[in-house]
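Just below is one structure, and these are the notes that go with it.
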Amino acid sequence: MHPDLFDALPVPQLQPFRLDDGAVLLRGFAGSDDRVLLEEVEKIIAVAPLRHMITPGGFRMSVAMSNCGQAGWVSDPGGYRYDAIDPETGKPWPTLPAVFMELANRAARSAGYENFIPDVCLVNCYVPGTRLSLHQDKDERDPSAPIVSVSLGLPAVFLFGGSQRSIRPMRYTLLHGDIVVWGGPARYHFHGIAPLAEGHHAIAGRKRINLTFRKAL
Ligand code: SIN
Ligand code: FE2
């Protein structure tokens with residue numbers, strides 16, 4: 001093989017890629033933990049099954065969700081909240097696995113946020129066609145803690161806008177193992193996921209799993 005051919009191969013990106021002030025994309029950051037992360041997701045959803053929540057406006061969400069941690073993010077016709085009890089099972093959510101905690105803390109630190117200790121992990125499951133419309137994460141109590149968002153499985157187009165809905169979002173393809181961290185001046189930026197394209201991922205199959213870590217309580 002001609003040595004120049006190697007120049008075309010993707011190089012793991014070690015430098016955090018800046019999306020905006022306070023927001024970075026860490027390419028492949030979770031890549032080496034992928035199998036254990038997905039195993040933990042299977043254990044979580046065996047206890048707290050994935051479900052399509054109903055928005056306060058009465059719509060069934062396209063994304064299937066579960067949670068682990070001291071509380072879980074819940075939507076129903078009454079509104080959004082963090083609840084220590086899973087309303088589907090009547091039991092507490094599964095605890096945050098140590099490997100989740102450690103990864104989220106390390107990713108936050110790489111993005112410039114020291115001492116991030118999440119208490120909630122929202123598990124989002126996308127299949128081809130699933131989308132998540134532009135929204136802000138603003139149900140959490142502590143505005144100084146960032147959001148740490150881990151992508152596994154099929155690629156997705158992440159929409160990342162600004163502090164107002166009217167700011168046209170940028171589009172970034174998130175791949176298996178990528179982590180996005182947003183906080184500080186970007187903490188309340190609008191974001192979402194474009195409809196997932198058809199595909200098959202070698203480890204995750206025909207889906208995308210997103211883990212979103214928050215300090216919510
Ligand atoms: C979210 O905003 O909760 C999820 C974002 C994603 O799936 O990447
Ligand atoms: Fe979000």
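Just the heavy atoms: all of them, side chains too, but no hydrogens, waters or symmetry mates, feed the values below.
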Check your understanding: Is the side chain of Arg187 donor-acceptor paired with the backbone N or O of Asp137 at a distance under 3.5 Å, no angle test?
Key -> yes

**Study point:** For Trp93, the option from Ile85, Val123, Asn67 that meets side chain to side chain contact (heavy atoms under 4.5 Å, CB included)
**Key:** Asn67

Practice item. Look at the side chain of Asp178 and the backbone N and O of Gly28, then say whether any donor-acceptor pair between them is shorter than 3.5 Å. Key: yes

Review point. What about Leu38 and Phe29, same hydrophobic cluster or not, with Ile/Leu/Val/Met/Phe/Trp/Tyr joined at side-chain heavy-atom distances under 4.5 Å?
Key: yes

Review point. Once you round to the nearest 0.5 Å, how far does CG of Leu152 lie from CZ of Arg35?
Key: 11.5 Å

Revision key, fill the gap. What one should report as the nearest heavy-atom pair of Ala186 and Asp21 is CB-O, 3.3 Å

Practice item. Measure up the His201 and His176 rings against each other and bin them: parallel (under 30°), tilted (30 to 60°), perpendicular (over 60°). Key: tilted

**Study point:** Spacing of NE2 belonging to His135 relative to OH belonging to Tyr80, to within rounding of 0.5 Å
**Key:** 8.5 Å

Check your understanding: So do Ser149 and Asn210 actually touch side chain to side chain, heavy atoms under 4.5 Å?
Key -> yes

Review point. Any chance the side chains of Gln70 and Tyr82 put a donor and an acceptor closer than 3.5 Å?
Key: no

Check your understanding: At what distance, to the nearest 0.5 angstrom, does CG of Asp76 lie from OG1 of Thr55?
Key -> 10.0 Å

Check your understanding: Which pair of heavy atoms, one from Glu42 and one from Lys207, lies closest together, and at what distance?
Key -> OE2-NZ, 4.5 Å

Review point. Can you tell me how far the CG atom of Asp119 sits from the CZ atom of Phe213, to the nearest 0.5 Å?
Key: 11.5 Å

Check your understanding: Could you go step by step and tell me if His191 and Val180 meet the side-chain contact (heavy atoms from CB on, under 4.5 Å) rule?
Key -> CA-CA 11 Å; His191 59 279; Val180 183; over 6 Å; no

Review point. Is it true that a side-chain atom of Ser75 and a backbone atom of Ile54 form a donor plus acceptor pair closer than 3.5 Å?
Key: yes

**Study point:** Atom of His52, atom of Ser62 and distance for their closest heavy-atom approach
**Key:** CE1-O, 3.3 Å

Review point. Given the rule in the side-chain contact (heavy atoms from CB on, under 4.5 Å) test, do Met170 and Leu19 qualify, once you have shown the distances and angles that lead to the verdict?
Key: CA-CA 9 Å; Met170 302 285 284; Leu19 304 186; over 6 Å; no

**Study point:** Atom pair CG (Leu37) and CD1 (Ile209), whose distance is rounded to the nearest 0.5 Å
**Key:** 11.0 Å

Point to revise | Hydrophobic cluster identity match, Val63 and Ile147, side-chain contacts under 4.5 Å | key: yes

Review point. Is any side-chain heavy atom of Phe116 closer than 4.5 Å to a side-chain heavy atom of Arg109?
Key: no

Practice item. Find out whether Trp73 and Met53 are in side-chain contact, i.e. whether some heavy atom of one side chain is under 4.5 Å from a heavy atom of the other. Key: yes

Exercise for review: Assess whether atom CZ of Arg141 is packed by more than 12 heavy atoms of other residues, nucleotides or ligands within 6.0 Å.
Suggested key: no

**Study point:** Residue pair Phe158, Trp182: steps toward the ring-ring contact (aromatic ring centres under 6.0 Å, His included) verdict
**Key:** CA-CA 13 Å; Phe158 181 56; Trp182 64 95; 5.7 Å; yes

Review point. Just how far is it from atom OG1 of Thr95 to atom CE of Met101, taken to the nearest 0.5 Å?
Key: 9.0 Å

Review point. At their closest point, which heavy atom of Ala111 faces which heavy atom of Val24, and how far apart are they?
Key: CB-CG2, 3.3 Å

Exercise for review: Kindly give the heavy-atom pair with the smallest separation between Arg51 and Ser66, and that separation in Å.
Suggested key: NH2-OG, 4.4 Å

Check your understanding: So, Tyr172 versus Phe160, ring centres under 6.0 angstrom or not?
Key -> no

Practice item. Flag the pair Thr89 / Pro49 as yes when at least one side-chain heavy-atom distance between them is below 4.5 Å, and no otherwise. Key: yes

Check your understanding: Can you tell if the side chain of Leu50 reaches within under 4.5 Å of the side chain of Met65, non-hydrogen atoms only?
Key -> no

Review point. Are Asp34 and Ser32 close enough, and set up right, to give a side-chain hydrogen bond (donor to acceptor under 3.5 Å, both in side chains), and what steps lead you there?
Key: CA-CA 6 Å; Asp34 58 352; Ser32 53; over 6 Å; no

Review point. Among Ile45, Asp86, Val47, which one satisfies side chain to side chain contact (heavy atoms under 4.5 Å, CB included) with Pro94?
Key: Val47

Check your understanding: Going only through I, L, V, M, F, W and Y residues with side-chain contacts under 4.5 Å, is there a path from Ile193 to Leu122?
Key -> yes

Check your understanding: Considering all heavy atoms of both residues, which atom of Arg27 and which atom of Leu174 are nearest to each other, and what is their separation?
Key -> NH1-CA, 4.2 Å

**Study point:** Heavy-atom side-chain proximity of Glu114 to Asn105 below 4.5 angstrom
**Key:** no

Review point. For Phe59, what are the other residues in its hydrophobic cluster, where any two members join if their side-chain heavy atoms are less than 4.5 angstrom apart?
Key: none

Check your understanding: Does NZ or CZ of Arg165 come closer than 6.0 Å to the centre of the six-membered ring of Phe190, within 45° of the ring's axis?
Key -> no

Exercise for review: Start with the C-alpha gap between Val41 and Phe100, add the side-chain angles, then the distance that decides, and say whether side-chain contact (heavy atoms from CB on, under 4.5 Å) holds.
Suggested key: CA-CA 10 Å; Val41 168; Phe100 279 24; 4.1 Å; yes

**Study point:** Chi angles and distances behind the side-chain contact (heavy atoms from CB on, under 4.5 Å) call for Leu154, Leu196
**Key:** CA-CA 8 Å; Leu154 287 177; Leu196 205 75; 3.9 Å; yes

